[in-house]
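Accompanying notes for the structure given below.
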Protein chains: 2
Amino acid sequence: MVTMQDVAERAGVTKQTVSNVVTGRVAVRPATEARVRAAIAELGYVPNLVARSLATGSSRTVGLFVPTVSAPFYADVVEEVEDALEERGYRLLLCTTRHDGERARRHLAALASRSVDALLIAGDQDLTGHLPLLADARFPVVLCAWEAALPDGFPVVTVDYEHGGHLAGRHLRELGHERALVLASPAHTVRAAGFLRAFREDGVELPADAVRTAAEPTFRGGLVAALDALRARPDTTALFATHDVLAVAAVEAARALGRTVPDDLSVVAHDDTPAGLLSGTALTSVVLPKREMARRAVDLALGAAAPPGTRPQLLLPSLVPGASTARAAGPSGA
Amino acid sequence: MVTMQDVAERAGVTKQTVSNVVTGRVAVRPATEARVRAAIAELGYVPNLVARSLATGSSRTVGLFVPTVSAPFYADVVEEVEDALEERGYRLLLCTTRHDGERARRHLAALASRSVDALLIAGDQDLTGHLPLLADARFPVVLCAWEAALPDGFPVVTVDYEHGGHLAGRHLRELGHERALVLASPAHTVRAAGFLRAFREDGVELPADAVRTAAEPTFRGGLVAALDALRARPDTTALFATHDVLAVAAVEAARALGRTVPDDLSVVAHDDTPAGLLSGTALTSVVLPKREMARRAVDLALGAAAPPGTRPQLLLPSLVPGASTARAAGPSGA
DNA sequence: CTGAAAGCGCTTACAG
DNA sequence: CTGAAAGCGCTTACAG
């Protein structure tokens, strides 16, 4: 492997001068610089980042924890984070936790050796118990896409999930719906609460069992829960699915019961990534600002942003209308 | 930050001895080891991997290129590779190319600095043109999930895609199907060829236009192509989709045309990851040994496996029967 | 089994 | 603007 020393000898200077040319930190006389650059090209020199890391203390690498990469939401988050990092000249060390706290802990230990300049953690399910371990990490830790209780002591940039649910509820209220269901994942209580609030603010108090929790956040789990719910309350005209997969399941359930979306049932999805990909109808959906979230989290982690403070950054989701919602048919009770 | 030197002073030994304890490379007297371990615990020492990398020349990190992480197939590949790496104590540096050769080239340059012990490249679309750049990489490069022409000079562990197509064809032939279509992605010519061969071997020559290429490998692209194909050849009784999303689209197209799967149309998918996730019916599918592929690729890359040789390793896919295929109705032409 | 020395390839002040 | 020196934190032979 050709080193800085080799280049220096070739160019008739000190390796120090080569360093100055490569880093651009100190100005070098044009003639010297030209000689150095020529030598670099001739020798095919490429700097050793490991050596640089040891000297500077920065590896230009950032770790990212996500529960999985198989869920469309997290797949998008990973790519957004990667983009944000690349723009800043950083590389991405990916760790999936697979909803396994122990696995997360192991990953953490592996990163503890300062081989990373910062750590981003997306999704709250698995790490919450291990957060104290992060307190004495030797690099900044930033949390994002955090729906559960926001922990103290860490910078957080996440989405106002309550607001997202509220948007879904308001949309359906504006279309005149009164009998609505929420098809929820166990972890999505905040979104569901926002939805209920929209109805309540409007004078419509949905019954406690309007929120149906799928046993598991899969298509099958959603299908079972949706069939169940729609059979138990056949007069339901609208449904809010807190998760993309659940929304697809809800549409399928309606279909299986002979109902048409949106004519007989309006469906609002939450961050409906695969809808455009895997379903015929574009779903009306709450959309999360994933790119913005990734960018802010990266800026925060790399110290390019304003000092953390303790206040979490809450980004606002928006509602994107699709073909899965329509005005409620006829007056209530008809 | 506490260093090996700090531990050494605390334990009353040389940092050399601490190193011996930490790496376990050289035996240390039990009493000494105990003192060292105690000092490590008291000080909370954790070795600096960057320094170790510089000294040893190994960063215990492997790069992985995939086109995207949003496609279920590659999401699975990423997680399988991550698992294989973790078992061997390596970390994963993820680079998505997004079907962009230029982006791939930039990533490559960023890794050229020996900060990685090996590079795995999954998926062939984007890198093919830049493969020569890899020839003088200073780390082993292993290709996997490579369907296009296998390049010389690189170890490859991939799947016998032709065999996968053949399995799909044989399955449908055994069910008595004679009029079949292939719904293909542009890049999936090998799978399609295997399918045609199965019919041909059986004396059934499918017409040239039996292979319909979707304009884009998305749900919408598949839907358009499938509707088109099924309208043009209404007597079709079976369909092989070379891509998971296309299979879901084909089912949807059949439905839209008033046909039932599998009664009026048998559908075989290829590596149907999201079927269980996002569709009601479990699709009959060619399944790829992703885990095995990941493991072999990692072993090869890390030199834990037999020397590369030039012969590509071809793993065999299998056919997993689901609910989307059935015996062809009546005699041919009925 | 333990210690003194050199080295991995770079950067960072600090003189000239 | 350029060069000599020290140091980043570890490992690797090599003596004792």
Side-chain angles (χ1 to χ4, degrees), chain A residues 1-40 43-61 89 110-117 138-139, chain B residues 1-40 43-61 89 110-117 138-139:
Chain A
M1 129 167 269
V2 25
T3 80
M4 206 165 242
Q5 183 61 43
D6 300 330
V7 175
E9 283 166 14
R10 176 93 172 206
V13 295
T14 312
K15 69 177 178 184
Q16 163 41 346
T17 300
V18 177
S19 175
N20 288 340
V21 168
V22 170
T23 63
R25 241 177 46 90
V26 173
V28 173
R29 199 191 331 161
T32 313
E33 171 164 358
R35 282 216 315 285
V36 170
R37 293 215 179 277
I40 287 176
L43 265 38
Y45 167 73
V46 34
N48 181 326
L49 288 191
V50 175
R52 177 179 294 175
S53 294
L54 183 57
T56 62
S58 158
S59 62
R60 301 236 120 206
T61 303
L111 293 190
S113 321
R114 166 188 136 170
S115 48
V116 115
D117 287 346
R138 54 227 323 149
F139 40 73
Chain B
M1 128 167 272
V2 23
T3 80
M4 206 165 242
Q5 183 61 44
D6 300 330
V7 175
E9 284 166 14
R10 176 92 171 206
V13 295
T14 312
K15 70 177 177 184
Q16 164 38 346
T17 301
V18 177
S19 175
N20 288 340
V21 169
V22 170
T23 62
R25 240 178 46 90
V26 174
V28 173
R29 197 189 334 158
T32 312
E33 170 163 357
R35 282 215 315 285
V36 170
R37 294 216 177 278
I40 287 176
L43 265 37
Y45 167 73
V46 34
N48 181 327
L49 287 192
V50 174
R52 177 179 295 173
S53 294
L54 183 58
T56 62
S58 158
S59 63
R60 302 236 118 204
T61 303
L111 294 190
S113 321
R114 168 191 135 168
S115 48
V116 116
D117 287 346
R138 55 230 318 152
F139 39 73

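A note on names: the letters A, B, ... follow the listed sequences, proteins ahead of strands, and every chain is numbered from 1.
T23(B) contributes a side-chain N or O that, together with a main-chain N or O of S19(B), makes up a donor-acceptor pair within less than 3.5 Å.
With a cut-off of 3.5 Å on both Watson-Crick or G-U wobble distances, the partner of dA4(C) is given as none. Base-pair partner of dA13(D): not found among the strands shown (Watson-Crick or G-U wobble, both distances under 3.5 Å).
Note: CG (N48(A)) to C1' (dG9(C)) measures 6 Å, nearest angstrom. Between the P atom of dG9(D) and the CZ atom of R138(A) lies a distance of 11 Å, rounded to the nearest Å. Atoms CD (Q5(A)) and P (dC8(C)) sit 10 Å apart, rounded to a whole Å. Atom P of nucleotide dA4(C) and atom CD of E9(B) are separated by 13 Å, given to the nearest angstrom. If you take CZ of R25(A) and P of dC10(C), they are 16 Å apart, rounded to a whole angstrom. Going from atom CG of L49(A) over to atom C1' of dC8(C) covers 15 Å, rounded to whole Å. Between the CZ atom of R60(A) and the C1' atom of dC10(C) there is a distance of 15 Å, given to the nearest Å. Rounded to whole angstrom, the span from the CG atom of N20(A) across to the P atom of dC10(C) amounts to 14 Å.
With dT2(C), dG9(C), dC10(D) as the choices, the nucleotide that has an atom nearest any side-chain atom of M4(B) turns out to be dC10(D). Here the nucleotide nearest the side chain of R29(A), chosen from dC10(D), dG7(D), dC1(D), is dC1(D). For T14(B), whose side chain is taken as the heavy atoms from C-beta onward, the closest listed nucleotide among dA4(C), dG9(C), dC10(D) is dA4(C). Comparing dT2(C), dT11(C), dG9(D) against the side chain of V26(B) picks out dT2(C) as the nearest. The T17(A) side chain lies nearest to dG3(D) when the options are dG3(D), dG7(D), dC8(C). Closest contact between the side chain of Q16(A) and the listed nucleotides dG3(C), dT12(C), dG7(D) involves dT12(C). The P47(B) side chain lies nearest to dC10(D) when the options are dG9(C), dC10(D), dT2(C). Taking the side chain of A51(B) as heavy atoms from C-beta on, and the options dG9(C), dT2(C), dC10(D), the nearest nucleotide is dC10(D). Comparing dT12(D), dG9(D), dC1(D) against the side chain of T56(B) picks out dT12(D) as the nearest. Set against dT11(D), dT12(C), dT2(D), the side chain of S19(A) has dT12(C) as its closest nucleotide.
Note that the CD atom of E9(A) and the CG atom of L43(A) stand 10.0 Å from one another [nearest 0.5 Å]. Note that OG of S115(B) and CZ of F139(B) are 7.5 Å apart. Values are rounded to the nearest 0.5 Å.
No side-chain heavy atom of R60(A) sits less than 4.5 Å from a side-chain heavy atom of L49(A). Counting only heavy atoms from C-beta outward, the side chains of V50(A) and S53(B) approach each other to under 4.5 Å.
Within the nucleic acid shown, S53(A) has no heavy atom closer than 4.0 Å to any nucleic acid atom.
Projected onto DNA chain D by closest heavy-atom contact, P30(A) and K15(A) fall at different nucleotides, the more 5' of which corresponds to P30(A).
We find that R29(B) and E33(B) are not joined by a salt bridge, their nearest charged nitrogen and carboxylate oxygen being 4.0 Å or further apart.
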